[in-house]
Number of protein chains: 2
Amino acid sequence: MMARAGLTPERLAREGAEMADEVGFENVTASALARRFDVKVASLYSHVRSSRDLRTRIALLALEEMADRASEAVAGRAGKDALGALANVYRDYAREHPGRYEAAQLRLDPETAAASAGVRHARTTRAILRGYELDEPDQTHAVRLLGSVFHGYVTLEMGGGFSHSAPDTQETWSRTIDALDALLRNWPAA
Amino acid sequence: MMARAGLTPERLAREGAEMADEVGFENVTASALARRFDVKVASLYSHVRSSRDLRTRIALLALEEMADRASEAVAGRAGKDALGALANVYRDYAREHPGRYEAAQLRLDPETAAASAGVRHARTTRAILRGYELDEPDQTHAVRLLGSVFHGYVTLEMGGGFSHSAPDTQETWSRTIDALDALLRNWPAA
DNA sequence: ACTTCTCCCTAAAGCCTTTAGGCAAGTCCC
DNA sequence: GGGACTTGCCTAAAGGCTTTAGGGAGAAGT
């Protein structure tokens, strides 16, 4: 009588990601997702272990997508060009997929994080620094700084932290990339 | 028979903040807080409008505390000294009060944000730039950059984003401050 | 066709939020 | 001091989310 809905962990994660962008990651609940599939809540629990598990899968999907975009953006570019391209991956992804971007910030336990696309993404960030002359350990410091700036900026902008003031954020964004490029070319000695 | 518990919005927020540091901000629920006061849940609703209201009050309290620390740290310092002091306010506050720091990241609606201590904090950040020679609009860009770096760094560090790699994060933190100082002294022209 | 398995269902318990209405301890005024 | 009012916490109840246990009906293999 009832046709099977064809649930799988992957489909749940994909639809959950879609939903996150529409209603915010914190509103992606097992109940709401079940409603979206026109299925009873309990049915989800054959496919995901828990609500937490569901959210983790959405986070991993988002990390994967960002890592894909990052490696594509950086391929064939170097120096400031590459830097700007990577920066824009963060910003654009967060704008196009705010719910997924939130999801990507979910705290993962260490093993899950180590197995995630986050690692690949970190390698991409490091690759950008090949265009600048930095040796270890400064290279690591710089990777961390870039991650901080991109993530921090996008978070604050999404949260409206910059919203009520001139000049506009696009201008700040370009100048931030200029500034980071200048900094990397002129990295202060320890 | 039952002595009055003496609930007030302020006491609820303070205890909620305490609780956030102990069990994480996302676990601060009206129910749990009521248990802590040995009071029935419904009683809280005479003092706060909703669970959301409670969380907002905790966020405002945290913003207030951070703004206080920031202005105290910056007073009587200038240049890199001031920069480092402000940076450490973020890091130390997040370490001492992780739950409160999370709370401070709660998205507030624009009016609430405008009336919060966040505004005072932003002025403090701007004050630091008096030690560097930056005119508008670069000053605003720089304020945003500093906010991004501090917030981004602390978030990533708290989330374990840097945890599994050498060199240690203290070293990165000092070098980040060095780098920001160098950048501000040598801000690239548009 | 019959067995077996898979997938979604019903049922139920536990916790959280929020509202409505009640009772008693504190406060005020005579 | 005693009555009337106010305040503050309570009980009751409805509705939503999570999670587990067990059942039934379609799909798949022989």
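Letters A, B, ... mirror the listed sequences (proteins, then strands); counts begin at 1. None of these values were measured; they are calculated from a predicted model.
Atom CD of A/E72 has 12 or fewer neighbouring heavy atoms from other residues, nucleotides or ligands inside a 6.0 Å radius. Atom CZ of B/R36 sits in a crowded spot, with more than 12 heavy atoms from other residues, nucleotides or ligands closer than 6.0 Å.
In summary, of the residues considered (A/H151, A/H121, A/H97), a ring-ring contact (aromatic ring centres under 6.0 Å, His included) with A/Y90 occurs for A/H121 alone.
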Tabulated below should be each protein N or O lying under 3.5 Å from an N or O of nucleotides 12-18 of chain C; please produce it.
residue, atom, partner, partner atom, Å
C/dC16, OP1, B/R35, NH2, 3.1
C/dC16, OP2, B/R35, NH2, 2.9
C/dT17, OP1, B/A30, N, 3.4
C/dT17, OP1, B/S51, OG, 3.2
C/dT17, OP2, B/A30, N, 3.3
C/dT17, OP2, B/S31, N, 2.9
C/dT17, OP2, B/S31, OG, 3.2
C/dT18, OP2, B/Y45, OH, 2.8
C/dT18, OP2, B/S51, N, 2.6

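Across all their heavy atoms, B/V89 and B/A73 have their closest contact at CG2-CB, 3.6 Å.
A/R126 and A/T140 share a side-chain donor-acceptor pair at under 3.5 Å.
Of all nucleotides listed (C/dC8, C/dC9, D/dC10), D/dC10 comes nearest to the side chain of B/S43.
Following rounding to the nearest Å, A/L44 (CG) and D/dT19 (P) show an atom-to-atom distance of 11 Å. Taking atom CG of residue A/N27 and atom P of nucleotide D/dT18, one finds them 11 Å apart after rounding to whole Å. What separates CG of A/L33 from C1' of C/dC8 is a distance of 15 Å, to the nearest Å. Regarding B/D38, its CG atom lies at a distance of 8 Å from the P atom of D/dC10, rounded to whole Å. Atom pair A/L7:CG and C/dC8:P shows a separation of 4 Å (rounding to whole Å applied).
For the segment residues 8-26 of chain A, no residue has any heavy atom less than 4.0 angstrom from an atom of DNA chain C.
Geometric assessment of B/R144 against the ring of A/Y153 yields a negative cation-pi assignment under the 6.0 Å and 45° thresholds.
Criterion: ILVMFWY side-chain heavy atoms under 4.5 Å apart, direct or through other members. Under it, A/L106 and A/L63 are part of a common hydrophobic cluster.
A sub-4.0 Å separation between OP1 or OP2 of C/dC7 and a side-chain N or O of A/S46 is absent.
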| task | Quick one: do A/E96 and A/R69 satisfy salt bridge (charged side-chain N to carboxylate O under 4.0 Å, His left out)? Show the steps, please. | result | CA-CA 13 Å; A/E96 292 167 32; A/R69 286 193 183 201; 2.7 Å; yes

